Protein chains: 2
Amino acid sequence: MLTISQLAATAGVTVRTVRHYHHVGLLPEPERDASGYRRYSAQAVVDLIRIRTLADAGVPLARIDALLHAQPAEFAAAVTDIDAELQRKIDQLTEHRRRIAELASGEALVLPPEVVANLNRMRSLGVSERAVRIERDVWILMQALEPHSMPQGIRDKTASFDDPGTTRLYLAIGQSLDWDPHDPRVDRLIDDLDAWETEHERDSSRPRNMASQLVFSRIVEASPAWQRILDVLAHRARQRRTAGHDG
Amino acid sequence: MLTISQLAATAGVTVRTVRHYHHVGLLPEPERDASGYRRYSAQAVVDLIRIRTLADAGVPLARIDALLHAQPAEFAAAVTDIDAELQRKIDQLTEHRRRIAELASGEALVLPPEVVANLNRMRSLGVSERAVRIERDVWILMQALEPHSMPQGIRDKTASFDDPGTTRLYLAIGQSLDWDPHDPRVDRLIDDLDAWETEHERDSSRPRNMASQLVFSRIVEASPAWQRILDVLAHRARQRRTAGHDG
DNA sequence: TCCAACCCTGACGTAGGGTCAGGGTCAAGC
DNA sequence: GCTTGACCCTGACCCTACGTCAGGGTTGGA
């Protein structure tokens, strides 16, 4: 007659494991001695070894009991099934490895390298880190919500760095985040942005879809000055459009 | 301002997932509206997308927060670490697959094919299924406790089938399990076994190690007749040994 | 006004045990 | 006879990353 620790040592498992198998009904509870200690027979050793053989092969505990009493045909079917499950898990982990290998750094988390390059270009122009962070988040939202418009967006953005007027605007935009909404520099920036929109045929008053709404929210949340800037720009654009219809 | 289900849908996760991230502190709890509903900003969308990007790559939730704020060097180190962990899991599952592929049927669970072959040979001799089951368990115990003595044991067993006297004994042994301990056939079987031991120079009275103790237990547990048989055989062997010393 | 579709908190379940907490038992040495 | 260390017991909480009720309040459209 063996104690629980002797049984466990013989089968190469922990005492806790044996008790767990009792708990889930995989190994029957043996008789107790006068002290209430469990006393095991040699049969229990054999049972436990057979259980561990399956468990060590990755068979879920819940299926082991059936497997131990299965006919060869059922057994083979169950083994095939469990093997497929293991393969599925392996595939998933392999996919995880593939993805994680792509995670070069924090910024490249979601974004294609062209975008990361553009962000670094903004940094080297002297645009503040805070503004770059907002720009990054805007691209993350684009990527998640309108991935199809990413290629065009990337091309436009990359091309814009060739225009000195536009790059000067980027610098001013970066600084403006911290300005008071009624700072006179805000008004001058609004005029510059308005002129830029007219020149590049953009219209900040057109109805916004999900993606651009979130983009606007992200910017407005970050800067009171920009709440005013975007409001005024949209207002002016609406006026221009109305005037265009009238004329 | 988004509701929790809008946020979840935007980031491609379930509402439960968002709440879980709040619970573990990965995503900050947002302000509530008058009804107590959570209201999310665009920033939350960005945060959640960044979290999911790492989670989808197999990064444990507990490590994501640190990773989101890590410098490139730390980030690279952490990614290497996590990748190694994923590889470890893959290796383990692959080992499981290898093992499970070896599990041809219930009996071959632990045992080498030669043993399985011998068990089937016993069946074809007409040995009862119950006796074969005990024999199987004896081999399982041997395998687990004294694997080094398996080859010799297998050779002896395999050779024994060439001896008609021994195979006849196997048959009698199989039938004897169910006999009453005081059945006269038990006495005749004891005589036969005693003669066999003498002939083959075995000694069932020698001190037993762990493995043979368990083997004896397994047999005695299964059959009262065999409790007596083993007792008497050991007694006689002891007597023979004493006589040998005296003479 | 009603109904579906939301939202809330709280709690249990998953697989396979690890790790206390709190208390009883046994065997050996002094 | 007493102590000490090694066992044994039950019960309960911990881990991952959420899924899935249960029970109840809110919102918005027909």
Side-chain angles (χ1 to χ4, degrees), chain A residues 1-27 29-40 44 48 51-67 81-82 85-86 88-89 92-93 95-96 99-100, chain B residues 1-27 29-40 44 48 51-67 82 85-86 88-90 92-93 95-96 99-100:
Chain A
M1 281 304 176
L2 304 172
T3 68
I4 194 170
S5 66
Q6 289 170 332
L7 169 68
T10 305
V13 302
T14 67
V15 169
R16 179 66 173 94
T17 298
V18 175
R19 288 206 265 249
H20 183 62
Y21 292 170
H22 289 324
H23 185 68
V24 299
L26 191 50
L27 191 66
E29 282 273 3
E31 302 289 307
R32 308 296 182 107
D33 67 12
S35 310
Y37 291 10
R38 293 177 180 86
R39 292 295 174 168
Y40 295 91
L48 186 51
I51 289 168
R52 283 312 302 179
T53 302
L54 289 171
D56 288 342
V59 177
L61 294 192
R63 309 190 59 168
I64 287 182
D65 191 59
L67 238 59
D81 189 38
I82 292 164
E85 178 66 14
L86 289 173
R88 202 187 55 73
K89 287 186 185 169
Q92 190 181 341
L93 288 172
E95 167 69 10
H96 283 169
R99 286 202 182 191
I100 213 171
Chain B
M1 281 302 170
L2 305 172
T3 67
I4 194 168
S5 65
Q6 291 169 332
L7 168 69
T10 306
V13 301
T14 68
V15 169
R16 180 68 177 92
T17 297
V18 176
R19 288 206 264 251
H20 182 62
Y21 292 169
H22 290 322
H23 184 68
V24 300
L26 192 50
L27 191 65
E29 281 275 3
E31 303 288 308
R32 308 297 184 106
D33 68 11
S35 311
Y37 290 10
R38 295 179 180 84
R39 290 296 174 169
Y40 295 90
L48 186 51
I51 289 169
R52 282 313 301 180
T53 303
L54 289 170
D56 287 342
V59 178
L61 294 193
R63 307 191 62 168
I64 288 182
D65 190 61
L67 240 59
I82 291 163
E85 178 65 15
L86 289 173
R88 203 186 55 70
K89 286 185 186 170
I90 290 174
Q92 191 182 340
L93 288 172
E95 168 69 10
H96 283 168
R99 285 200 184 191
I100 212 171

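Because the structure is predicted, anything quoted here is derived from the model rather than measured.
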Nucleotide C:dG16, atom C1' - distance to CG of A:L54 in whole Å: 15 Å
Nearest heavy atoms of A:A55 and A:L61, plus distance in Å: CB-CD2, 4.3 Å
Closest heavy-atom pair and its distance - B:I51, B:I64: O-CD1, 3.8 Å
Touch class at under 4.0 angstrom, heavy-atom based, for B:R52 against every strand present: sugar-phosphate
Qualifying residues under ring-ring contact (aromatic ring centres under 6.0 Å, His included), relative to B:H20, sequence neighbours excluded: none
Which residues share a ring-ring contact (aromatic ring centres under 6.0 Å, His included) with B:Y21, sequence neighbours left out: none
Minimum heavy-atom distance between A:V13 and A:V18, given as atom pair plus value: CG2-CG2, 3.8 Å
Shortest non-hydrogen contact between B:S5 and B:V15, atoms and distance: CA-CG2, 3.7 Å
Whole-Å gap separating P (D:dT16) and CD (B:E85): 12 Å
Interatomic distance, B:K89 NZ vs D:dC15 P [rounded to whole Å]: 16 Å
Spacing between B:D33 atom CG and D:dT26 atom C1', to the nearest angstrom: 9 Å
Residue-phosphate contact under 4.0 Å: B:T14 side-chain N/O, D:dG19 OP1/OP2: yes
Sub-3.5 Å pairs of nitrogen or oxygen atoms, protein against nucleotides 9-11 of chain C:
residue	atom	partner	partner atom	Å
C:dT9	OP1	B:R32	NH1	3.3
C:dT9	OP1	B:R32	NH2	3.0
C:dT9	OP2	B:R38	NH1	3.3
C:dT9	OP2	B:R38	NH2	3.0

Sequence-distant partners of B:D56, side-chain hydrogen bond (donor to acceptor under 3.5 Å, both in side chains), two or more places apart: B:R52
5'-most by nearest nucleotide on DNA chain C - A:H20 or A:A34: A:H20
Protein-nucleotide distance (B:L86, atom CG; D:dT16, atom C1'), rounded to Å: 14 Å
Partner set under salt bridge (Lys or Arg N to Asp or Glu O under 4.0 Å) for A:E85, not counting sequence neighbours: A:R88
All ring-ring contact (aromatic ring centres under 6.0 Å, His included) counterparts of B:Y40, not counting sequence neighbours: B:H22
Nucleic acid contacts of residues 1-11 of chain A, taken as heavy-atom distances under 4.0 Å to DNA chain C: none
Spacing between A:E31 atom CD and D:dC8 atom C1', to the nearest angstrom: 17 Å
Under-4.0 Å side-chain N/O to phosphate OP1/OP2 contact, B:Y21 with D:dC18: yes
By side-chain hydrogen bond (donor to acceptor under 3.5 Å, both in side chains) - contacts of B:T17 (at least two apart): B:T14
B:G58 to B:I82 - nearest heavy-atom pair and separation: O-CG2, 4.1 Å
Show me the protein contacts with nucleotides 21-24 of chain C, counting only N or O atoms at under 3.5 Å.
residue	atom	partner	partner atom	Å
C:dG24	N2	A:Y37	OH	2.8

Interatomic distance where CZ belongs to A:R63 and C1' belongs to C:dT14 [whole Å]: 16 Å
Salt bridge (Lys or Arg N to Asp or Glu O under 4.0 Å) partners of A:R39, counting only residues at least two apart: A:D33
Exercise: identify the closest heavy-atom pair between A:Q6 and A:L2: OE1-CA, 3.4 Å
N or O in side chain of B:T17 less than 4.0 angstrom from D:dA17 OP1/OP2: no
Rounded distance in Å - CD1 (B:I51) to P (D:dC18): 11 Å
Nearest-nucleotide 5' precedence on DNA chain D, A:Y40 against B:A62: A:Y40
With sequence neighbours excluded, residues passing salt bridge (Lys or Arg N to Asp or Glu O under 4.0 Å) with A:E29: A:R32, A:R38
Rounded (10°) bend between the five-pair end axes of the helix from C:dT1-D:dA30 to C:dC30-D:dG1: 30°
